[in-house]
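Below is one structure, written out as C-alpha cells, with a few remarks after it.
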2 protein chains.
Amino acid sequence: MPVGRRPGAYHCGTDAAMDIIDGKWKVLILWALGEGTRRFGELRRLLPGVTEKVLAAQLRELEADGIVHREDYAEVPPRVEYSLTEMGDQLNEALEPLAAWGKRHVLGVEPAAR
Amino acid sequence: MPVGRRPGAYHCGTDAAMDIIDGKWKVLILWALGEGTRRFGELRRLLPGVTEKVLAAQLRELEADGIVHREDYAEVPPRVEYSLTEMGDQLNEALEPLAAWGKRHVLGVEPAAR
DNA sequence: CCGTATCCGAGTAGATACTG
DNA sequence: CAGTATCTACTCGGATACGG
C-alpha cells in the first residue's frame, strides 16, 4: 500500500522517496534506528541539537509513513520504544549508496580499496 | 575535494548527501539532466510549476556543488546548456536504489519479477 | 520519562515585472 | 532566450514552558 503525504503528486520514485525522508533529522533517525530499538530519550541524546517537539513531530511522520514502529508500554515511568519496520529497514538499505557517495564526494573520504 | 555548504557539520554520509540534494526541484533536475544536456527553457518545461527564479537558484547551487556544468555560449539569442558532471552522474547512480524503493513503497509499483 | 502547547524567527518558494 | 529584481506567503524548525 502506497504511503506519503502527497499522493499522486510525484514525478518519479526519487522525489517520492525524498518526500518521506524530507525533514532535517529524518535520515539521522533512520541511521540511529538502523542499529536497533531506541527509546525517545536515547534518540534525543543521539541527535545533538534536536528539540523534543521536533523529534516527536518527525517520529510521528515517520510512523504515519510506515517507516518506524512505535511501542508504548504504558508504564510509570513512561517507556516508549521506536524501531524500524521492514519498510524502514529497506529504506535504510536503499540509502546506503547515497551515504557512500556523500562520504566520498562531500566528506572527502576515499574508499580504502578499489 | 569535498563540496557542500556546511563543511564539518555532517554526522554521516547520508546527511551530507542530503544537504546537496536538498531543495524542492534538485532531484528532478538531476533526473532530467540524466538523459543528457538541457537548455534552461527545456528544464523549465520539464519541471512543471517551477519559476525561473527558483530554477536558476537551484541550478546555481548544483553548479557550486560541482554537480552540474553550465556552458554559456554567449550568443544572441542567448544559449546556455546544463549537463551533469562526472560527480553528478555518480550521484544520479547512487540515487537509483532510493528511486526503486520509492517506486515500490510510495508509488505502489511492484517490481515485475522477483 | 515522554511528550504537548504556544509563540516566533529564518529560510524557501511563488507571482509578477523587467532586462541584456 | 535566459535570466534578475522585488515583494510576499508559507512552512519548517527552534525556544520555552507546561502536562500525564
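In what follows, every chain begins at residue 1, and chains take the letters A, B, ... in the order their sequences are listed.
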| Residue-phosphate contact under 4.0 Å: A/R39 side-chain N/O, C/dC2 OP1/OP2 | yes
Output a table of nitrogen or oxygen pairs between the protein and nucleotides 11-18 of chain D separated by less than 3.5 Å.
{"residue": "D/dG13", "atom": "OP1", "partner": "A/K24", "partner atom": "N", "Å": "2.6"}
{"residue": "D/dG13", "atom": "OP2", "partner": "A/Q58", "partner atom": "NE2", "Å": "2.9"}
{"residue": "D/dG14", "atom": "OP1", "partner": "A/K24", "partner atom": "NZ", "Å": "2.6"}
{"residue": "D/dG14", "atom": "OP2", "partner": "A/W25", "partner atom": "NE1", "Å": "3.1"}
{"residue": "D/dG14", "atom": "O6", "partner": "A/K53", "partner atom": "NZ", "Å": "2.1"}

| query | Base, sugar-phosphate alone, or nothing: which one does B/Y82 contact when heavy atoms must sit under 4.0 Å apart? | reply | sugar-phosphate
| Whole-Å gap separating C1' (D/dT4) and CG (B/D72) | 15 Å
| field | A/E75, CD atom: more than 12 neighbouring heavy atoms under 6.0 Å | value | yes
| request: To the nearest Å, give me how far apart CZ (B/R79) and P (D/dA2) are. | output: 9 Å
| Distance test, side-chain N/O of B/R60 to OP1/OP2 of D/dT4, below 4.0 Å | yes
| message | Does C/dC1 have its OP1 or OP2 closer than 4.0 Å to a side-chain nitrogen or oxygen of A/R44? | response | no
| note | Testing D/dT4, C/dC1, C/dG3 for proximity to the side chain of B/A56, the answer is D/dT4
| query | A/E71 CD to C/dG3 P: how many Å, rounded? | reply | 12 Å
| query | Do B/R44 and B/E52 sit within salt-bridge range, that is, some charged N less than 4.0 Å from a carboxylate O? | reply | yes
| Going by distance alone, is a donor N or O of one side chain under 3.5 Å from an acceptor N or O of the other, for A/H69 and A/E63? | no
| Which one, C/dC1, D/dC1, D/dG3, comes nearest to the side chain of A/P77? | C/dC1
| request: Find the distance B/E42:CD to D/dA2:P and express it as a whole number of Å. | output: 8 Å
